[in-house]
Every structure is written in C-alpha cells, then in structure tokens.
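Just so it is clear: chains get the letters A, B, ... in the order the sequence lines come, proteins before strands, and each one is counted from 1.
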Amino acid sequence: TQLLEQSPQFLSIQEGENLTVYCNSSSVFSSLQWYRQEPGEGPVLLVTVVTGGEVKKLKRLTFQFGDARKDSSLHITAAQPGDTGLYLCAGEGGSNYKLTFGKGTLLTVNP
Amino acid sequence: NAGVMQNPRHLVRRRGQEARLRCSPMKGHSHVYWYRQLPEEGLKFMVYLQKENIIDESGMPKERFSAEFPKEGPSILRIQQVVRGDSAAYFCASSPVGPREQFFGPGTRLTVL
C-alpha cells in the first residue's frame, strides 16, 4: 500500500513569511501532483511533477520532486492571505489506476 | 469551458434511503474517478470508470455502493440504504487520459440523519 505523509499538518503564519510543506513516502511514484482545496470546494490542480529532481515554479510557489521520486516539497515565498487553504499532494503509482492522496497541510496566512 | 459538474451540491437523506450523486466530466474527458473525503481524513479513492466500463472499484464498499458511467449522460454514484457513516463529501474527478492530472468537481456533501 502506497502512503503519502504530509507535514506539517497545520501551519499558521503571518502575511509576508516564507514556508515549506513536505510530502514524503517510502514508495516511488511516476508522477506527483499538488492541489489546493478551499472550504466547501473541490481540490484545484496546481502542478504535476514527473522527473526526479524536477523543480517547477508557479508565481510565488516552488515545487520540487525528490531525486528518487519518493518525496516532494512546496515552498511559498511571501505568503498572502489568498494562499490560505488545504494543500494536498497526490502520487500516481504507475501501474494502478488511482491517485494516492496525503491528508494535507492546512495553511492559514494571517493579514 | 465548463469544468467538472456535480449535483446536487448538498444532499440530506434519512437512514435507509437511497442517495444518487451525479457527475458530468469536463468536455473531452472520458475517465471519471470518485473519491470520498471524511473530516480529518484525506481523499480516499472509491472507483475509476471509463464510458460504460468500471476499470477499478477496489476502493468502493462491496455492499450498498455502486457506480456507473453510461454511454450517454453523467456518471452516477449510488448509495443504497444509507447509514450515518456514509455522511461525507463525495468528489468526482475527470481526466483526458489516465489518473494523472485529474480535475475535480465541487463535490456533493451528503448528510445522513
């Protein structure tokens, strides 16, 4: 069974601070996705990383896939209140047909 | 360019009733996935369907739950004889090819009284 552990579970910071959240597993994934979910809504896809060591940037968000494709990180620079939400990572295991989701990091950015 | 649509957004049922949740995938997407999200838990895979076929239902309870994706019309997740433990948010996602980069609907929040 593939498991994804996300840390921290909760994070509350002030506007303008930087932060990093992590997604770790003992399993290798062929790709990994990051989603953001707001209360009462469905997850919204932010990025997909495929290659070990890959780094992708989306404005103030930087995503990295570990060299061994077992872990990933999301770094947010100068966080804003609009970044508040539940950040979920999800791994694609290759031969099976489903994404395995972590439980998420609930980020609150206070003005 | 409409996204994934789900209805109803909120559904209240009494124990023993049936719940029908509908999902219309994005245009051009033929792969549909259903997930359940319980408070304090992550999204749990339930079933993966392509048009008229169930590809993987390993995450769906064997009893009372069924899913379909007919040639015409939306995908349906059906829960018979609902119990309080079925209360959750149910999400549908679609993708153009395989499990990668799924696009989620807004969810149906089921409450069983």
J.: Under a 4.5 Å heavy-atom cut-off, does chain A meet the side chain of B:Gln37, its backbone, both or neither?
T.: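 It is the side chain, since no backbone atom gets that close.
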J.: Should the pair B:Tyr35 and B:Phe45 be assigned to parallel (<30°), tilted (30 to 60°) or perpendicular (>60°) ring geometry?
T.: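 The rings of B:Tyr35 and B:Phe45 stand perpendicular, inter-plane angle above 60°.
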J.: If I compare all heavy atoms of B:Phe91 with all of B:Pro106, which pair ends up nearest, and what's the gap?
T.: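 Looks like CE2-O, 3.5 Å.
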J.: Do B:Arg64 and B:Asp86 meet the salt-bridge criterion of a basic N to acidic O distance under 4.0 Å?
T.: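 A salt bridge links B:Asp86 with B:Arg64.
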J.: Is chain B contacted by the side chain of A:Gln6, its backbone, both, or neither, given a heavy-atom distance below 4.5 Å?
T.: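 Contact with chain B is absent: no heavy atom of A:Gln6 under 4.5 Å.
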J.: Between A:Tyr35 and A:Phe101, what is the ring plane arrangement, given parallel below 30°, perpendicular above 60°, and tilted in between?
T.: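 Plane angle between 30° and 60°, so tilted.
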J.: Not counting sequence neighbours, which residues clear ring pair (Phe, Tyr, Trp, His ring centres under 6.0 Å) with A:His75? List them please.
T.: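 Residues passing ring pair (Phe, Tyr, Trp, His ring centres under 6.0 Å) with A:His75: none at all.
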J.: Tabulate, in ascending numerical order, the residues of residues 102-111 of chain A having at least one heavy atom closer than 4.5 Å to a heavy atom of chain B, or enter 'none'.
T.: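 Answer by number: A:Gly102, A:Lys103.
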J.: Give the table of side-chain donor-acceptor pairs shorter than 3.5 Å for residues 42-57 of chain A, with sequence neighbours excluded, one pair per line with atom names and distance.
T.:
from: A:Thr48; atom 1: OG1; to: B:Glu101; atom 2: OE2; distance (Å): 3.0
from: A:Glu54; atom 1: OE1; to: A:Val50; atom 2: N; distance (Å): 2.7
from: A:Glu54; atom 1: OE1; to: A:Thr51; atom 2: N; distance (Å): 2.9
from: A:Lys56; atom 1: NZ; to: A:Thr48; atom 2: O; distance (Å): 2.9

J.: Mind checking salt bridge (charged side-chain N to carboxylate O under 4.0 Å, His left out) for B:Arg22 and listing every partner two or more places apart, or none if nothing turns up?
T.: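 In terms of salt bridge (charged side-chain N to carboxylate O under 4.0 Å, His left out), with neighbours along the sequence ignored, B:Arg22 is linked to no residue.
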